[in-house]
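If you're wondering where the values come from, they're calculated on a predicted model, not measured in any experiment. In each ligand, atom 1 is the first atom listed, and ligand 1 is the first ligand listed. Values below: every heavy atom of this structure, side chains too, minus hydrogens, waters and symmetry copies. Residues take their numbers from the sequence shown, with the count starting at 1.
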Amino acid sequence: MIIEILRGDITSLDADAIVNAANCTLLGGGGVDGAIHRAAGPELLECCRRIGPCPTGEARITPGFRLKAKWIIHTPGPVWHGGSRGEDDLLRSCYLNTLALAAGKGCRTVAFPCISTGVYGFPKERAAALVLRCLSSWAGPLPEKASICCFSEADEAVYRRQAEILEKKL
Ligand code: ADP
């Protein structure tokens with residue numbers, strides 16, 4: 001799978017699926033979750049009401065409604081509590097469960113936000129290293145490409161730095 005790091009607003013991307021860093025209620029919130037609900041329209045909330053709640057680390061899929069993306073995959077990331085409450089495994093599960101759902105719908109391209117590293121407080125460098133390793137380990141034929149959509153220049157720099165470190169190790 002090709003891994004791409006880009007900067008932008010995930011709601012404007014033309015991927016087969018975009019990923020929402022949701023909370024367990026699936027009823028919307030702040031940050032990227034709020035932006036996705038605003039851009040997709042009220043049909044999204046209606047749909048999420050029927051499929052929620054969703055445990056941390058799992059994922060649920062809905063149509064993209066008014067977005068360019070055909071699908072939205074909602075995955076509640078872990079809240080950071082210092083690292084001893086399974087946060088790493090839960091974050092990895094978010095990405096892997098999302099990829100499995102995307103593959104099941106025939107998605108060739110999936111765009112991820114930086115799950116858990118906003119309000120949920122997961123350390124950014126640690127998350128980036130984990131996510132890059134996790135995406136690199138994906139062996140299925142689909143999706144063909146995973147884009148990491150960073151909202152800030154600083155987040156993009158974190159990912160580029162971690163990608164460099166990993167490439168040296170691999
Ligand atoms: P969490 O609660 O999982 O930490 P947040 O929404 O607080 O989720 O933050 C996750 C990431 O999403 C942060 O890096 C934040 O900068 C980013 N973000 C916020 N709005 C957007 C957007 N429109 N597109 C892409 N990323 C966004």
Checklist line | Contacting atoms of ligand 1, where contact means under 4.0 angstrom from a heavy atom of Asp9 | finding: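 Listed by number with element: 22 (C), 23 (N), 24 (N).
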
Next item on the list: Would you name the heavy atoms of Lys68 and Leu13 that are closest together and state the gap between them?
Entry: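 That would be CB-O, 3.8 Å.
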
Notebook entry, point to check: Does the pair Asp88/Arg126 count as a salt bridge with the N-to-O cut at 4.0 Å?
Noted result: yes

Notebook entry, point to check: So, are Arg160 and Glu156 salt-bridged, with charged N and O less than 4.0 Å apart?
Noted result: yes

Sub-3.5 Å donor-acceptor pair from the side chain of [X] to the main-chain atoms of [Y], do we have one?
X: Thr109; Y: Asp16; result: yes
X: Asn97; Y: Gly57; result: yes
X: Glu58; Y: Cys94; result: no
X: Thr56; Y: Pro76; result: no

Check: Using a heavy-atom cut-off of under 4.0 Å, does the side chain or the backbone of Asp155 touch ligand 1, or both, or neither?
Finding: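 Answer for Asp155: side chain.
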
Checklist line | Side chain, backbone, both or neither: Ala35 near ligand 1, heavy atoms under 4.0 Å | finding: side chain

Considering only protein heavy atoms, which is closest to [atom], and at what distance to one decimal place?
atom: atom 17 (C) of ligand 1; answer: Phe151 CB, 3.9 Å
atom: atom 7 (O) of ligand 1; answer: Val119 N, 2.9 Å
atom: atom 24 (N) of ligand 1; answer: Ile10 N, 3.0 Å
atom: atom 12 (O) of ligand 1; answer: Val32 CB, 3.8 Å
atom: atom 4 (O) of ligand 1; answer: Gly118 N, 2.9 Å
atom: atom 11 (C) of ligand 1; answer: Cys114 O, 3.4 Å
atom: atom 8 (O) of ligand 1; answer: Ala21 CB, 4.0 Å

Run the side-chain donor-acceptor check on residues 18-37: report pairs under 3.5 Å with partners two or more places apart or on a different chain.
from	atom 1	to	atom 2	distance (Å)
Asn20	ND2	Asp33	OD1	2.8
Asn20	ND2	His74	ND1	3.2
Asn23	OD1	Thr25	N	3.1
Asn23	OD1	Thr25	OG1	2.5
Asn23	ND2	Gly28	O	3.2
Thr25	OG1	Leu27	N	3.0
Asp33	OD2	Gly29	N	3.3

Next item on the list: Would you please name every residue forming a side-chain contact (heavy atoms from CB on, under 4.5 Å) with Ile61, sequence neighbours left out?
Entry: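 Partners of Ile61 by the side-chain contact (heavy atoms from CB on, under 4.5 Å) criterion, ordered by chain and then number, come out as Trp71, Ile73, Leu101, Lys105.
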
For [X], state whether at least one heavy atom is located under 4.0 Å from any atom of ligand 1.
X: Ser116; result: yes
X: Thr11; result: no
X: Gly8; result: yes

